[in-house]
S.K.: 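Take this structure first; my questions come after.
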Amino acid sequence: MPGSCADEEKDEQKQALNIITVVSKFADENLTLVRNISTGLAVAGLLIIARSIRLVTKFGSPSEIPARFIERNISIRGRVRSVTERGLEVEHIPIYVPLVSPLLTKRQPVASLDVRLAGVELTPQGWDWLSECLRPPQMVWLRLISRQDQRLHCLVSVSRGSLFNTCVNEEVLRLGLGRTAPLQGLDPHSRLYLKLHRRLLKSEMKAERKGEGLWKEDSLRERLTLALSDNTVVKAVKRVLKWMSRMKDR
């Protein structure tokens, strides 16, 4: 009996070795096929993962953006297409993943997102500055703050060199080209609302202290001229002088 058990174990080991040998031989003889299968499985896996987390999906409208992106204030990249009287039209540019992105982008139409500067009310001069600063096809980053109907309220940033980004919302306020406004779509008592509002208010206060933009104080001469032009006595004297001038002409 012990001898027969040992023989059986040897036979099983030989069979296992034969299977390994056959598989190895097949792999060596069909190396290209094996590589293609491996590559196909890898690409399929990346496609499944990318679609599940919307990594390479191009968003054509705010409604297509997953709610978790808004809740986590994810930043997405985009290309400015135009500056309108309401805000920005931005084409979303998804993350590029080799092999995967070319397969998906062919099916995605070109569309723009309606973007508003969160927490900022621009002056007419502010809109002019924005049109000059964000000319198409300027690349921008959009930090998603809230979504209302088909509008996205965002912190918009542009790259200034390889290490620094400029937040357009804050820059507009620092230049005195706008005022802080309520953050649409956020709970005024939430931690995020208070944090962002404090951040924007700080930029506005810098402009006010420096007298930038709409906070610029008129000179003494301008203030005196304005005060005299609005003075009732001065207006009465002007009317009398005009009347006397007309009488002389007669």
Side-chain angles (χ1 to χ4, degrees), residues 53-62 64-97 110-123 125-148 150-186 190-207 210 212-213:
I53 63 175
R54 311 299 294 275
L55 182 66
V56 294
T57 301
K58 186 171 185 176
F59 304 128
S61 68
E64 296 177 4
I65 300 176
R68 66 178 183 275
F69 278 43
I70 308 293
E71 294 167 358
R72 298 175 184 176
N73 306 124
I74 300 295
S75 292
I76 61 176
R77 188 176 57 151
R79 180 187 293 115
V80 175
R81 299 196 68 189
S82 67
V83 178
T84 69
E85 67 277 4
R86 300 182 307 274
L88 306 175
E89 289 187 357
V90 180
E91 177 189 354
H92 175 225
I93 306 297
I95 295 174
Y96 183 83
V97 178
V110 177
S112 298
L113 301 173
D114 184 0
V115 176
R116 310 296 172 88
L117 297 182
V120 176
E121 180 183 347
L122 291 173
T123 63
Q125 294 77 15
W127 286 113
D128 294 339
W129 178 88
L130 196 66
S131 298
E132 289 294 322
C133 179
L134 300 181
R135 291 183 176 181
Q138 172 74 51
M139 298 298 296
V140 295
W141 284 95
L142 309 175
R143 186 184 175 191
L144 305 173
I145 301 302
S146 65
R147 172 174 53 195
Q148 283 191 320
Q150 289 299 312
R151 299 185 300 272
L152 288 174
H153 297 274
C154 307
L155 293 182
V156 180
S157 298
V158 293
S159 297
R160 299 299 186 200
S162 57
L163 298 177
F164 301 99
N165 287 334
T166 299
C167 178
V168 176
N169 307 54
E170 293 179 277
E171 188 68 13
V172 167
L173 295 173
R174 273 196 294 265
L175 295 173
L177 300 176
R179 297 176 181 271
T180 54
L183 291 157
Q184 302 294 330
L186 287 183
S190 67
R191 184 177 179 181
L192 177 62
Y193 186 102
L194 296 174
K195 179 181 178 181
L196 292 178
H197 188 66
R198 191 182 303 116
R199 176 177 165 184
L200 296 174
L201 193 60
K202 184 178 179 181
S203 297
E204 185 181 46
M205 290 174 66
K206 286 182 180 179
K210 294 180 179 180
E212 299 283 357

S.K.: Provide the closest heavy-atom pair for S131 versus V83 in the form atom of the first, atom of the second, distance.
M.R.: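 The answer is OG-CG1, 3.7 Å.
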S.K.: Hey, are the side chains of P136 and R81 touching, using non-hydrogen atoms and a 4.5 Å cut-off?
M.R.: no
S.K.: Can you see which heavy atom on I65 is nearest to which on R147, and at what distance?
M.R.: O-NH1, 2.6 Å
S.K.: Apply side chain to side chain contact (heavy atoms under 4.5 Å, CB included) to the pair L186 and H197, showing each step before the final yes or no.
M.R.: CA-CA 11 Å; L186 287 183; H197 188 66; over 6 Å; no
S.K.: Hey, is the main chain of Q184 close enough, under 3.5 Å, to the side chain of S146 for a donor-acceptor pair?
M.R.: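 Yes, S146 side chain to Q184 backbone: donor-acceptor pair under 3.5 Å.
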S.K.: Set out, in order, the CA-CA distance, both residues' side-chain angles and the distance that settles side chain to side chain contact (heavy atoms under 4.5 Å, CB included) for T123 and W129, then state yes or no.
M.R.: CA-CA 10 Å; T123 63; W129 178 88; over 6 Å; no
S.K.: Could you check if a side-chain atom of R143 sits within less than 4.5 angstrom of a side-chain atom of S157, using non-hydrogen atoms only?
M.R.: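 No. Closest side-chain heavy atoms not under 4.5 Å.
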S.K.: For the residue pair T166 / E171, report whether a side-chain donor-acceptor contact shorter than 3.5 Å exists.
M.R.: no
S.K.: Would you call the rings of F69 and F59 parallel, tilted or perpendicular if under 30° counts as parallel and over 60° as perpendicular?
M.R.: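 F69 vs F59 ring planes: perpendicular.
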S.K.: For the CG atom of L122 and the CG atom of L177, what is their distance to the nearest 0.5 Å?
M.R.: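 Taking CG in L122 and CG in L177, the distance rounds to 8.0 Å.
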S.K.: Taking all non-hydrogen atoms of both residues, which atom of G60 and which atom of A111 are closest, and how far apart?
M.R.: O-CB, 3.5 Å
S.K.: Shortest non-hydrogen contact from H92 to T57?
M.R.: CE1-O, 3.1 Å
S.K.: Could you give the distance from CG (L142) to OG (S75), rounded to the nearest 0.5 Å?
M.R.: 8.0 Å
S.K.: Among L130, V140, V90, exactly one meets side-chain contact (heavy atoms from CB on, under 4.5 Å) together with V156. Which residue is that?
M.R.: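 Passing option: V140.
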S.K.: Is N169 reaching over with its side chain to a backbone N or O of C154, donor-acceptor style, under 3.5 angstrom?
M.R.: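 Yes, because the side chain of N169 sits within donor-acceptor range (under 3.5 Å) of the backbone of C154.
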S.K.: Determine, step by step, whether K58 and E91 satisfy the salt bridge (charged side-chain N to carboxylate O under 4.0 Å, His left out) criterion, reporting the C-alpha distance in whole Å, the side-chain angles of both residues, the deciding distance to 0.1 Å, and the verdict.
M.R.: CA-CA 9 Å; K58 186 171 185 176; E91 177 189 354; 2.6 Å; yes
S.K.: Begin with the C-alpha distance, continue with both residues' side-chain angles, and end with the deciding distance and a verdict on side chain to side chain contact (heavy atoms under 4.5 Å, CB included) for L152 and I70.
M.R.: CA-CA 9 Å; L152 288 174; I70 308 293; 4.3 Å; yes
S.K.: For M139, look at atom CE and say whether over 12 heavy atoms of other residues, nucleotides or ligands are found less than 6.0 Å away.
M.R.: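 Above 12, so yes.
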S.K.: To the closest 0.5 Å, what do you measure between CZ (R179) and CG (L173)?
M.R.: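 Rounded to the nearest 0.5 Å, the CZ-CG separation comes to 10.5 Å.
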S.K.: Do side-chain atoms of E204 reach the backbone of T180 as a donor and acceptor pair under 3.5 angstrom?
M.R.: yes
S.K.: Donor-acceptor pair, distance only, cut-off 3.5 Å: does the side chain of S82 make one with the backbone of T84?
M.R.: no
S.K.: Whether E71 and R68 form a salt bridge (side-chain N of Lys/Arg under 4.0 Å from carboxylate O of Asp/Glu) is what I want to check.
M.R.: no
S.K.: Measure across A207 and R174 and return the closest heavy-atom pair with its distance rounded to 0.1 Å.
M.R.: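 That would be CB-O, 3.3 Å.
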S.K.: About how many Å separate CG of L155 and CG of N73, when rounded to the nearest 0.5 Å?
M.R.: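 Output value for this atom pair is 8.5 Å.
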S.K.: Which is it for H153 and L183 under the side chain to side chain contact (heavy atoms under 4.5 Å, CB included) test, yes or no, and what are the steps along the way?
M.R.: CA-CA 8 Å; H153 297 274; L183 291 157; over 6 Å; no
S.K.: Where is the tightest heavy-atom contact between E170 and L200, given as atom of each residue plus distance?
M.R.: CG-CD2, 4.0 Å
